[in-house]
Protein chains: 2
Amino acid sequence: MTIESDALAPTRKTGAALVDDLADRIRNRIMTGEIPIGAQLRQAELASDFGVSRTPVREALRQLQTSGLIEVLPNRGAVVSVPAPWDVREAYEVRAELEALAAARAVRRITRDQIEQLRVANREMYDYSLARSTGTAPDQPDHRRGNDLFHTLIASISGNARLGKAINDINETFPRNVSAQLIVNDSRHRDENFQEHERILQALADGDAERAAAEMRQHVVDAGEQLARWYELRSSTVFRGE
Amino acid sequence: MTIESDALAPTRKTGAALVDDLADRIRNRIMTGEIPIGAQLRQAELASDFGVSRTPVREALRQLQTSGLIEVLPNRGAVVSVPAPWDVREAYEVRAELEALAAARAVRRITRDQIEQLRVANREMYDYSLARSTGTAPDQPDHRRGNDLFHTLIASISGNARLGKAINDINETFPRNVSAQLIVNDSRHRDENFQEHERILQALADGDAERAAAEMRQHVVDAGEQLARWYELRSSTVFRGE
DNA sequence: GGTCGCGCGAATGGATCCAATCCTAATGAT
DNA sequence: ATCATTAGGATTGGATCCATTCGCGCGACC
């Protein structure tokens, strides 16, 4: 009778696996905007949400703290970090260099199929963003990752795991829903994003490492500038609103 | 009577400050080789060493785990990671790109005084390594950091805090005493290291960002190759020894 | 009426507790 | 003698406990 239920409830995760899982889930909540920037994170609430005690939750929060996604104030709990515009610019300058390296390395390893795959993904993302902006498509969380996928794929094709990790470490600092909304809401950003991706793909297809790196670097710097501007705007309106 | 002792024993660190401090101390033990590669880390032992309970120690260990310096095996404790040669090469390729960026950026911000300071530091480090190798100087832990100081200073002069953090994240993955010993023990590495530093400084002094970046990139890749070779050699001798 | 102070509730954070797991070594069977 | 088995000790890891601290509101005093 209840024997099969063991398969559905496999041995509970413990140790590092559990803590990493908790950190992932909390990070996702922040990345999707479910927990907004500046919001408080209560240990007891998270613990009961995930059905564990506060101990592993605290360890997960520490991980998010060292990555910079949240800030832990002494005896006053954790809040989701509010990125400063200058920090966004600095971070994206570093990310630009890393992704440029990834693109340059990917030139020697990428296959025709992968390029085609990226082209399709890029166009699908564009169409979806367009549909979203005109309100003809619902918000599908899976598709919000389209933009990330493009960059993640190139990083993984580069064949350097450390490189992917370094890029990821930087990305995990900034909630993703903000960048995604920029593409949906602003037609110029959307078009630029699409075309910059196309240019990167063309350079990859041409086997031109130099150009692929340059295009990627420019693309990431541009995206960072847009993001920094958004945070600038946000801070000024928030202060006015109070 | 015992009132003054309060000043000597100020309010005990708590929270993030305590955990970060513990992580620093454990990391130092590994970096200096006091805890060698592959050794086990016992929570109870560390806790009693530092006069705290196992709870904050575990949080510190998790931080070191996410940085990759240690590996935590389920229910079997933590061991200091043994870097794989290919991982060293990958990591140093990324580090090379980041430090190249730092050098390029530093060109526009570095002062004559800072260049002179780096020149002196570089020469002092060379003299010290030479004296160490001939046995005429004792092992002074403070001076072992000379090499790091060179790179850390340039990263900080670059003015991009994120960049410094990214470089640091990679460096914290590999015990430092190994790299230091390479310079002390092998005269060719020592000379190359000194001269590559000189070339970087010359490019900085000339205000040539392009060349500074190229020299730095080459220097870091070279150092990574030496380190990777050392780990290759080590793994083969260790297996033979068993 | 405003401000300072006291106290209570809530939340954090280190210490402790206990179940589960792993390692080791001693015992027993082949 | 070798190998499988199994108790016992040691260690990890989540849950719980309790001291400390923060925040907020009520009340007293100026």
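Computation of the quantities below employed the complete heavy-atom set of this structure, encompassing side-chain atoms and omitting hydrogens, waters and symmetry-equivalent molecules. Labels below follow one simple rule: chain letters A, B, ... track the order of the sequence lines, proteins then strands, and each chain is numbered from 1.
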Just how far, in rounded Å, is [atom2] of [N] from [atom1] of [X]?
X	N	atom1	atom2	answer
A:L61	C:dG13	CG	C1'	12 Å
B:L18	C:dT12	CG	P	17 Å
A:E59	D:dA15	CD	P	11 Å
B:R12	D:dT21	CZ	C1'	17 Å
B:N75	D:dT11	CG	P	14 Å
A:R76	D:dC22	CZ	P	8 Å

Does a donor on one side chain and an acceptor on the other come within less than 3.5 Å for B:R27 and B:S67?
-> no
B:V57 versus B:L46, closest heavy-atom pair with distance | CG1-CB, 4.0 Å
What one should report as the nearest heavy-atom pair of A:L18 and A:P56 is CD2-CB, 4.1 Å
Looking at A:R229 and A:E225, does any basic side-chain N land under 4.0 Å from a carboxylate oxygen?
-> yes
Exactly one candidate in B:L163, B:I110, B:I167 meets side-chain contact (heavy atoms from CB on, under 4.5 Å) with B:S158; the answer is B:L163
Parallel, tilted or perpendicular, as decided by the 30° and 60° cut-offs, for the rings of B:H151 and B:H219 | parallel
Is there a donor and acceptor pair closer than 3.5 Å between the side chain of A:R58 and the base of C:dG14?
-> yes
The single option from A:R54, A:R29, A:R25 passing salt bridge (Lys or Arg N to Asp or Glu O under 4.0 Å) against A:D49 | A:R29
Check ring-ring contact (aromatic ring centres under 6.0 Å, His included) between A:F150 and all other residues, then give those that pass, not counting sequence neighbours.
-> A:H197
Net bend of the helix from C:dG1-D:dC30 to C:dT30-D:dA1, end axes of five pairs each, nearest 10 degrees | 10°
Within residues 36-57 of chain B, residues whose heavy atoms come under 4.0 Å of DNA chain D = B:L41, B:R42, B:Q43, B:R54
